[in-house]
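Heavy-atom basis, side chains included; hydrogens, waters and symmetry copies ignored. One-based numbering along the sequence shown.
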Amino acid sequence: MPHSEPLRLHVPEPTGRPGQTTDFSYLRLSPAGEVRRPEVDVTPVDTRDIAYSLIRVLDEHGNAVGPWAPDISIETLRAGMRAMMKTRVFDSRMLIAQRQKKMSFYMQSLGEEAIGAAQAMALNRDDMCFPTYRQQSILMARDVPLHGLICQLMSNEGDPLKGRQLPVMYSIKEAGFFSISGNLATQYIQAVGWAMASAIKNDTKIASAWIGDGATAEADFDTALTFAHVYHAPVILNVVNNQWAISTFQAIAGGENTTFAARGVGCGIASLRVDGNDFLAVYAASKWAAERARSNLGPTLIEWVTYRAGPHSTSDDPSKYRPLDDASHFPLGDPIARLKQYLINQGAWSEQEHEDTQKELEAMVIAAQKEAETLGSLADNHVFSPAEMFEDIYEQMPEHLRQQRQQLGL
C-alpha cells in the first residue's frame, strides 16, 4: 500500500532557548566511579560501552571514586589548580582589554580549563598538541611566559609571531603547542600526519589533536580517523563537546541520537567519553590514551563533555540563542570549584589559599599586560618585508631545502 504522507527532514533543536531552562537530560550522564576501566590494550570494539557512558572520578561530595581515580600527587593537583585559575584570570583580563579596544577580538575558555591543563600534565612537554583557540590552559600548565602571549594578542613589537597570526591563535613549538588554525578540523589531519611521521622516524613523541563538536561535521575529521585507524597512528583525538559551536547546538553536528565518542568506535578506534569538568578524570583518561599511543596500540578518541560558559568570541552574544543562565544549570558543574573541593577535602587547599592565589595570579597577569602595553604597534613602527616576515622560518629550514631554494632563485 503506497504511503500518502509527504517526506520531511528532521532539524535538531536545542532543549533550551532564551527565556527557558535547558533540559540537560540528553547528556547521558553516569554516576561517578561507575564506568569500568579497561586494560590499555583493549580492542577498539570493546570500548563501545564506554563511548556511550561517561567516565567520572569526582562525586558530588568532592571525593575521588572508582577505577579511574588516578595515581596523582597532591603537588601535581595543586599545580593543576593554579594553571586553571591562571587561565581564567588571563581570560578575564584579556576580555576587558578587548572591550577597551586594545586588541581586535578574544576567545575565552571559560568552563573548559580542566581539559587542557590536565592533559598537558599527563603528556610529555615534547609531545605535540594541535589545539583549538580554547586550550590556553595548556600554555598556562606549561608556564609559558604571559608577556609574549599578550604581545601576540596586541600585535605589537613584542609579538613573537611578528603579526603573522590572528589574536588567540598562538604557536609555541618549544611548549609542544602547534600553530592554531581557525579551520579547526585541519588540526586533526595535521596531528595524525605528525604522529605518523614520529613513528616513521622511530621517535617516541606522540601527538594530541583538538577540535570542537561542530568541527566533527567536517570532512577532515573523517579523513583523520581513517588514517589514524589504518596506520595505528600514535595520536590522541580530542573532541571538546561544549554543547555549542559558533551558535549551533551540538545536535546539528550529529550528537543528538549518539555520542561523538561512538564515531571513533565505528572507525576502529578505542574511544572514551569523559567528564571534561573533572580534572582527575581528564588526567586519568589522558594518561590511559597516552600509554596506548606510546605502546604502539594505536589512537584513542576522547569526547570531553563540558560547557562553553562564555560566548563563542567577543563578537558573539549567546543570549540570542540559549538561556542567559545556562552555564549555572550545567549538571557537571565548574572545573575549578570541583577540584577546589577535592583539595580542601584532602587538607591540601583552603579558602584563604584560594583567595591569596587568585590575588597573586591577578597581579601577575596585570604586570605582564602593563609591560606589553609599553611596546608600540608593529604597523605603526615598521612595515616588514617578506624576507623579514619569514626570517625565522628560513633560519630553521634544513640545509638541503635552502640549497634547493637558492637553485630556484627564491
Side-chain angles (χ1 to χ4, degrees), residues 12 15 22-70 72 111-112 114-115 118-119 122 210-213 216 221 225 229 236-243 249-251 253-293 297-307 329-335 338-339 342:
T15 59
T22 297
D23 178 5
F24 283 108
S25 61
Y26 70 86
L27 285 174
R28 302 172 186 257
L29 302 182
S30 305
E34 180 183 83
V35 178
R36 68 185 180 90
R37 185 184 188 279
E39 295 297 324
V40 75
D41 61 351
V42 64
T43 58
V45 70
D46 288 329
T47 63
R48 185 180 184 280
D49 61 313
I50 304 175
Y52 281 98
S53 51
L54 189 68
I55 296 170
R56 302 172 69 186
V57 172
L58 292 173
D59 65 16
E60 63 272 20
H61 304 296
N63 299 313
V65 297
W68 284 94
I72 183 171
E112 303 177 32
I115 299 171
Q119 187 164 117
W210 304 77
I211 60 173
D213 49 279
T216 64
F221 172 78
L225 263 60
H229 156 61
I236 302 173
L237 301 169
N238 301 283
V239 176
V240 181
N241 180 6
N242 61 16
Q243 314 311 309
F249 187 55
Q250 56 95 30
E256 185 174 47
N257 295 316
T258 185
T259 67
F260 294 102
R263 296 191 191 183
V265 178
C267 289
I269 296 174
S271 301
L272 310 175
R273 189 166 177 268
V274 184
D275 179 350
N277 289 7
D278 180 341
F279 186 95
L280 274 71
V282 176
Y283 183 87
S286 298
K287 276 289 189 184
W288 188 93
E291 182 182 352
R292 187 175 175 87
L297 294 169
T300 301
L301 186 146
I302 309 178
E303 175 187 348
W304 305 107
V305 180
T306 183
Y307 192 83
H329 295 293
F330 186 64
L332 297 179
D334 177 86
R338 291 176 67 188
L339 183 57
Y342 174 75

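A side-chain donor-acceptor contact under 3.5 Å links Asp213 to the backbone of Asn242.
Identified under the salt bridge (Lys or Arg N to Asp or Glu O under 4.0 Å) test for residues 22-36, with sequence neighbours left out: Arg36-Asp49. Contacts classified as side-chain hydrogen bond (donor to acceptor under 3.5 Å, both in side chains) and involving residues 258-270 (residues at least two apart or in different chains) are given here: Tyr52-Thr258, Thr216-Arg263.
In this structure Asn238 satisfies the side chain to side chain donor-acceptor pair (under 3.5 Å) test together with Gln119, Ser208, Trp304, sequence neighbours excluded. By the side chain to side chain donor-acceptor pair (under 3.5 Å) test, Tyr307 pairs with Arg322, Asp326, sequence neighbours left out. Val305 pairs by the side chain to side chain contact (heavy atoms under 4.5 Å, CB included) definition with Leu27, Leu54, Gln243, Arg273, Glu303, Phe330, Leu332, not counting sequence neighbours. The salt bridge (charged side-chain N to carboxylate O under 4.0 Å, His left out) search around Arg37 returns none, not counting sequence neighbours. Every residue meeting the ring-ring contact (aromatic ring centres under 6.0 Å, His included) condition with Tyr26, not counting sequence neighbours, appears here in chain and number order: Phe249. For the side chain to side chain donor-acceptor pair (under 3.5 Å) test, residues two or more places apart in sequence or in another chain that qualify with Asn277 are Thr306. With sequence neighbours excluded, no residue forms a salt bridge (charged side-chain N to carboxylate O under 4.0 Å, His left out) with Glu112. Every residue two or more places apart in sequence or in another chain was checked for a side chain to side chain donor-acceptor pair (under 3.5 Å) with Asn63, and none qualifies. Listed by chain and residue number, Arg56, Arg338 satisfy the salt bridge (charged side-chain N to carboxylate O under 4.0 Å, His left out) test with Asp275 (two or more places apart in sequence, or in another chain). The salt bridge (charged side-chain N to carboxylate O under 4.0 Å, His left out) search around Arg292 returns none, not counting sequence neighbours.
What you find for Ala253 and Phe260 is that their closest heavy atoms are O-CE2, 3.8 Å. Of all heavy-atom pairs between Ile50 and Ile55, the closest is CG2-CD1, 3.7 Å. Taking all atoms of both residues into account, the shortest heavy-atom contact from Ala270 to Thr47 is CA-OG1, 3.7 Å. The heavy-atom pair separating Ala261 from Ala51 by the smallest distance is CB-O, 3.7 Å. Nearest heavy-atom pair across Gly268 and Pro44 is O-CG, 3.3 Å. When all heavy atoms of Ala118 and Val282 are compared, the pair lying nearest together is CB-CG1, 3.5 Å.
Here the CD1-CG distance, from Ile211 to Leu237, works out to 8.0 Å after rounding to the nearest 0.5 Å.
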Q. How far apart are the C-alpha atoms of Val239 and Phe221, what are their side-chain angles, what is the distance that settles it, and do they pass the side-chain contact (heavy atoms from CB on, under 4.5 Å) test?
A. CA-CA 10 Å; Val239 176; Phe221 172 78; 4.1 Å; yes
(Q) Is there a side-chain contact (heavy atoms from CB on, under 4.5 Å) between Trp210 and Ile115? Walk through the geometry before answering. (A) CA-CA 10 Å; Trp210 304 77; Ile115 299 171; 3.0 Å; yes
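Partner of Trp288 under the side-chain contact (heavy atoms from CB on, under 4.5 Å) criterion, chosen from Val42, Ile236, Ile302: Val42. Each of Asp278, Val35, Val65 was checked for a side-chain contact (heavy atoms from CB on, under 4.5 Å) with Val57, and the lone residue meeting it is Asp278.
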